[in-house]
A.B. asks: 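Encoded as structure tokens, here's the structure I'll be asking about.
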Amino acid sequence: PMRATPEDHFGLSVGSLEELEELRARALAFAEEDDRVTVTSQSLEDYGALKLHSFYVTYLLPLTIEVQHFEYPS
């Protein structure tokens with residue numbers, strides 16, 4: 001079986017900030033019903049030419065899922 005630390009993760013990219021926020025809201029709603037779900041707060045990493053919006057979800061898998069949206073400011 002696979003063994004992973006809580007920092008081990010894989011990422012899923014979504015097409016818009018609204019989609020990211022909707023998925024986080026759905027994950028939080030699911031977490032209210034199942035205490036095995038962990039959802040982090042939404043974060044923003046600003047690199048100037050790129051803004052990375054993301055949050056992490058852990059549920060049943062040995063890896064954490066990072067849901068992210070790449071924003072390219074003009």
A.B. asks: Taking the side chain as every heavy atom from C-beta outward, state whether Leu23 and Phe55 have any atom pair closer than 4.5 Å.
C.D. replies: yes
A.B. asks: Quick one: pull up CD1 in Ile65 and OG in Ser54 and give me the separation to the nearest 0.5 Å.
C.D. replies: 13.5 Å
A.B. asks: What's the spacing between Tyr47 OH and Glu71 CD if we round to 0.5 Å?
C.D. replies: 13.5 Å
A.B. asks: For residues Phe70 and Phe10: do they belong to one hydrophobic cluster (side chain heavy atoms under 4.5 Å, members Ile, Leu, Val, Met, Phe, Trp, Tyr)?
C.D. replies: no
A.B. asks: Are Leu28 and Tyr56 grouped together when hydrophobic residues (ILVMFWY) are joined by side-chain heavy atoms under 4.5 angstrom apart?
C.D. replies: no
A.B. asks: Kindly give the heavy-atom pair with the smallest separation between Pro73 and Ala49, and that separation in Å.
C.D. replies: CD-O, 3.7 Å
A.B. asks: Val37, Leu12: one ILVMFWY side-chain cluster at the under-4.5 Å cut-off?
C.D. replies: yes
A.B. asks: Quick one: pull up CD in Glu22 and OG in Ser16 and give me the separation to the nearest 0.5 Å.
C.D. replies: 8.5 Å
A.B. asks: Over all heavy atoms of both residues, which pair between Ala27 and Val57 is shortest? Give the atoms and the distance, please.
C.D. replies: CB-CG2, 4.2 Å
A.B. asks: Side chains of Glu19 and His69: is there a donor and an acceptor less than 3.5 Å apart?
C.D. replies: no
A.B. asks: Any heavy-atom pair between the side chains of Arg24 and Ser41 that's under 4.5 Å?
C.D. replies: yes
A.B. asks: With a 4.5 Å limit on heavy-atom distance, are the side chains of Leu17 and Gln42 in contact?
C.D. replies: yes
A.B. asks: Between Leu50 and Val14, is there shared hydrophobic-cluster membership here, with clusters defined by ILVMFWY side-chain heavy atoms closer than 4.5 Å?
C.D. replies: no
A.B. asks: How long is the gap from CG on Asp35 to CD on Glu33, to the nearest 0.5 Å?
C.D. replies: 11.0 Å
A.B. asks: Can you tell me how far apart NZ (Lys51) and OH (Tyr72) are? Round to the nearest 0.5 Å.
C.D. replies: 13.5 Å
A.B. asks: Is any side-chain heavy atom of Leu52 less than 4.5 Å from a side-chain heavy atom of Gln68?
C.D. replies: yes
A.B. asks: For the residue pair Met2 and Leu61, establish whether any side-chain heavy-atom pair is separated by less than 4.5 Å.
C.D. replies: no
A.B. asks: Quick one, Thr38 with Tyr59, criterion side chain to side chain contact (heavy atoms under 4.5 Å, CB included). Give me CA distance, side-chain angles, the key distance, then yes/no.
C.D. replies: CA-CA 7 Å; Thr38 303; Tyr59 177 63; over 6 Å; no
